[in-house]
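Presented below is the structure to which this report refers.
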Amino acid sequence: MMKTYHLTNTQPDIEQASAILRDGGLVAMPTETVYGLAANALDGEAVRRIFEAKGRPMDNPLIVHVAEFSDIERLRLVSEIPEKAIKLAQAFWPGPLTIIMPKGEVIPDEVSAGLSTVAIRIPSHPDAQRLLKTSGLALAAPSANTSGKPSPTTAQHVIDDMEGRIEAVIDGGSCSVGVESTVITLAADTPRILRPGLITREEIEAVIGAIEVDHAVLHQLENNEKASSPGMKYKHYAPRTRVVLLRGSDERYITYMNRLYARDPHIAAMCYDEDKPQLDMPCITIGGMDDEKAQAKTLFDALRAVDDLEDVNAVYAHCPEATGVGMALYNRLIRAAAFEVIDLPEKRIIGLTGQTGAGKSEAARLLAECGFPIVSADEAARLAVEDSEVKAMLCASFGNVLLPDGSLDRRRVAQIAFSSPENTETLNAITHPKISEIMLAQAEKINGDTVVFDASQLFEARQDVFCYRIVGVLADPELRAERIMRRDGLSTEEAERRMSVQLSEEFFIAHCDDILYNNGSAEAFFDAVRQYGERWCADEQKI
Ligand code: TXA
Ligand code: MG
């Protein structure tokens with residue numbers, strides 16, 4: 001391990017840092033975006049050490065930083081300065097914009113990773129400016145994090161990652177922008193954003209006209225797709241803890257999170273300030289809902305804080321809109337989440353569930369009469385088992401369970417699945433996700449804001465998290481046993497066995513928002529269900 005000097009941003013320390021850089025050493029410097037790990041850009045050997053310190057793949061090129069525009073020509077960093085680069089420079093430099101241009105011969109292969117272009121930026125941070133001017137160098141500098149981790153926005157972040165691997169870090173406080181610069185290439189026919197940042201597409205278009213946003217900014221690269229910016233193909237910004245993005249309205253985010261937490265105490269939220277008072281679980285906040293700049297400034301610190309949470313297996317982040325500065329936030333978060341995104345339903349889903357024999361199906365029929373669209377889990381289950389992937393998985397687990405015509409041998413599946421609790425669980429693990437997918441898709445197609453999920457296994461299939469409201473239909477065990485014996489012609493033992501594998505009354509009471517008891521007369525139950533339905537029809541928004 002080498003000694004890493006912790007320098008201040010005073011002139012003597014800046015001079016020491018400059019000397020280190022001129023000697024081929026590495027210095028982490030503050031910029032307005034994130035901390036950069038700098039080396040003399042024209043010294044291939046020094047640049048190579050940046051890749052070693054970060055553990056960065058050599059095919060990912062670096063940004064060259066200079067103090068002022070005239071340095072680009074003076075040092076012959078590019079072979080040509082496009083007209084649009086001059087316009088962009090006037091509008092946004094010094095500042096958080098990186099422009100890719102055809103490279104000059106002096107650029108070492110280590111910097112450009114063998115490409116014919118080079119990325120240039122003039123940072124506005126006073127400490128970066130002084131270091132560039134004092135050293136007189138062009139500085140190649142990627143973000144000063146270990147490759148794959150969130151970029152550093154404080155000197156402490158840099159020290160956490162780089163202590164003992166670099167010669168020095170200059171402490172310039174926390175970075176004001178917080179996400180890396182917008183990267184735009186002028187080497188393509190139409191200028192194209194390769195990485196979104198604080199300077200937005202809209203702001204750039206106001207200066208140079210229409211531009212494109214590279215597909216990889218918002219989407220995962222397909223296996224055979226080539227990255228226009230090599231940095232986009234790597235796992236990025238990722239905490240060790242699993243991060244999942246939830247895309248949907250504020251209201252759906254809150255209900256999803258609280259229901260999930262009721263089931264799984266090992267989750268946390270990454271959310272806006274306004275969400276926090278409504279959430280039951282530990283929260284990492286990233287700023288006010290409408291303050292995208294504050295969110296950008298906080299994001300990487302928040303992602304680093306994820307791994308400090310104790311006893312948390314997954315963090316669910318409230319997904320930003322991918323427009324304006326939100327595009328930069330979305331771009332970083334979706335990589336932190338390794339592209340794991342859950343789309344929350346737009347509809348208000350009322351989950352209707354309950355114990356066998358309690359009268360749930362009767363309630364569903366009555367609610368349909370009240371005008372509620374019903375999505376039936378039983379019907380979705382029938383469709384799910386005809387899905388080819390589901391059939392393949394069932395065969396893989398239970399042997400060949402297909403009939404000669406290729407359809408599923410349902411009786412055989414039922415026989416195997418209910419022969420042991422393990423087999424039942426296997427069946428559910430295979431079919432439940434597909435059933436939920438079908439039900440959610442059906443719900444979105446229905447007109448109106450509210451739909452009822454008629455689902456006896458609402459909780460087992462984890463559909464509860466999508467529900468805005470959950471109503472459980474319960475009844476005394478003797479009554480339920482009597483009803484299912486009569487309905488399905490079961491013996492007392494069979495009825496008891498079926499009832500014993502169900503969730504307890506306590507569970508329903510704890511996890512449902514409303515309970516409808518069906519212990520009295522049929523008329524009384526019908527009235528209760530109708531009242532419940534009418535309350536929803538008339539008063540949907542208030543509940
Ligand atoms: O705000 C920033 O840009 C910070 C500070 C330190 O200036 N730097 C930074 O560097 O974020 P880095 O290396 O972490 O990200 C540079 C990105 C990478 O995605 C890289 O692939 C891309 O820019 N890039 C660099 N040169 C390129 C080129 N010639 N063609 C295409 N992409 C390039
Ligand atoms: Mg980086």
Side-chain angles (χ1 to χ4, degrees), residues 27-39 41 47 50-51 53-66 77-79 92-104 107-125 127-129 131-132 138-153 157-158 161 170 172 175-188 191-199 214 216-217 221 226-238 296 300 303 328 331-332 335-336:
V27 175
M29 63 169 176
T31 84
E32 69 278 23
T33 57
V34 300
Y35 275 72
L37 182 54
V47 171
I50 293 178
F51 288 87
K54 277 178 63 84
R56 179 177 174 115
M58 290 293 296
D59 67 351
N60 193 3
L62 305 181
I63 297 171
V64 177
H65 300 72
V66 291
L77 300 179
V78 303
S79 64
F92 302 114
W93 274 349
L97 179 73
T98 295
I99 305 175
I100 293 173
M101 298 182 250
K103 83 178 179 99
I107 300 292
D109 279 345
E110 285 84 355
V111 169
S112 58
L115 299 175
S116 60
T117 52
V118 64
I120 309 277
R121 176 161 109 81
I122 301 180
S124 64
H125 195 287
D127 300 342
Q129 276 287 336
L131 185 63
L132 287 161
L139 295 175
S143 49
N145 51 290
T146 304
S147 197
K149 290 231 301 184
S151 297
T153 53
H157 293 162
V158 177
D161 280 17
I170 299 169
C175 302
S176 60
V177 174
V179 292
E180 307 91 334
S181 59
T182 306
V183 177
I184 183 166
T185 178
L186 297 181
R192 184 149 29 105
I193 289 185
L194 301 183
R195 182 178 68 188
L198 183 77
I199 294 176
D214 199 88
V217 164
L221 284 179
K226 187 171 169 292
S228 349
S229 180
M232 288 193 290
K233 71 185 176 198
Y234 299 108
K235 181 177 149 127
H236 231 132
Y237 313 117
F300 286 140
L303 283 171
N331 169 271
R332 307 309 190 275
R335 283 166 176 76

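As the structure lists them, so they are numbered: ligands from 1, and atoms in each ligand from 1.
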Report the C-alpha separation of Lys54 and Leu37 in whole Å, then their side-chain angles, then the decisive distance to 0.1 Å, and conclude whether the side chain to side chain contact (heavy atoms under 4.5 Å, CB included) test is met.
CA-CA 9 Å; Lys54 277 178 63 84; Leu37 182 54; 4.1 Å; yes
Atoms in ligand 1 flagged as close to Asn60, the criterion being non-hydrogen separation under 4.0 Å:
18 (C), 20 (C), 21 (O)
Take Leu139 and Leu132 through the side chain to side chain contact (heavy atoms under 4.5 Å, CB included) test and state the conclusion after the steps.
CA-CA 7 Å; Leu139 295 175; Leu132 287 161; 3.6 Å; yes
Is any side-chain N of the basic residue among Arg121 and Glu32 closer than 4.0 Å to the acidic one's carboxylate O?
yes
Please examine the side chains of Asn145 and Tyr237, heavy atoms only from C-beta on, and report whether any two atoms are closer than 4.5 Å.
no
Just heavy atoms, cut-off under 4.0 Å: does Met101 contact ligand 1 by side chain, backbone, both, or neither?
neither
Short list, please: which atoms of ligand 1 are under 4.0 Å from a heavy atom of Ala141?
6 (C), 8 (N), 10 (O)
Result for side chain to side chain contact (heavy atoms under 4.5 Å, CB included) between Leu131 and one of His65, Met29, His125 points to Met29
N or O contact, Arg121 vs ligand 1, cut-off under 3.5 Å
yes
Numbered atoms of ligand 1 (with element) below 4.0 Å of Leu194, judged on heavy atoms:
31 (C), 32 (N)
Yes or no: does Lys103 have any heavy atom under 4.0 Å from an atom of ligand 1?
no
Out of Leu97, Ile63, Thr98, Val64, which one pairs with Ile120 under the side chain to side chain contact (heavy atoms under 4.5 Å, CB included) rule?
Val64
If the cut-off is 4.0 Å to any non-hydrogen atom of Gly36, which atoms of ligand 1 fall inside it?
6 (C)
Within-cut-off N or O pair, Ser143 and ligand 1, under 3.5 Å:
yes
Numbering the atoms of ligand 1 from 1, which are under 4.0 Å from a heavy atom of Ala119?
25 (C), 26 (N)
Under 4.0 Å to a heavy atom of Thr33 - the qualifying atoms of ligand 1, by number:
1 (O), 2 (C), 4 (C), 5 (C)
Is Met29 close enough to touch ligand 1? Criterion: a residue heavy atom under 4.0 Å from a ligand atom.
no
Under 3.5 Å, is there a donor on one side chain and an acceptor on the other for Glu180 and Ser151?
yes
Using a strict cut-off of 4.0 Å, indicate which atoms of ligand 1 neighbour a heavy atom of Thr117.
28 (C), 29 (N), 30 (N)
Would you mind reporting whether Tyr35 and Ile170 have side-chain heavy atoms less than 4.5 Å apart?
no
N/O separation below 3.5 Å, His65 to ligand 1:
yes
Numbering the atoms of ligand 1 from 1, which are under 4.0 Å from a heavy atom of Leu115?
28 (C), 29 (N), 30 (N)
Mind checking the CZ-OG spacing from Phe51 to Ser147? Nearest 0.5 Å is all I need.
9.5 Å
Closest non-hydrogen atom pair, Ala141 against Ala38:
CB-CA, 3.9 Å
List nothing but the number: protein N/O/S atoms under 2.8 Å from the Mg ion (ligand 2).
1
Select the closest option to atom 16 (C) of ligand 1 among Thr185, Ile63, Leu97, Ile184, judged by heavy-atom distance.
Ile63
To the nearest 0.5 Å, how far apart are CZ in Phe92 and CD1 in Ile99?
9.5 Å
Is there a heavy atom of Ser112 sitting under 4.0 angstrom from any atom of ligand 1?
no
Could you walk me through whether Val78 and Val118 pass the side chain to side chain contact (heavy atoms under 4.5 Å, CB included) check?
CA-CA 7 Å; Val78 303; Val118 64; 3.9 Å; yes
Using the side chain to side chain contact (heavy atoms under 4.5 Å, CB included) definition, which of the options His157, Lys149, Arg332 pairs with Phe300?
Arg332
Start with the C-alpha gap between Arg195 and Val217, add the side-chain angles, then the distance that decides, and say whether side chain to side chain contact (heavy atoms under 4.5 Å, CB included) holds.
CA-CA 6 Å; Arg195 182 178 68 188; Val217 164; 5.8 Å; no
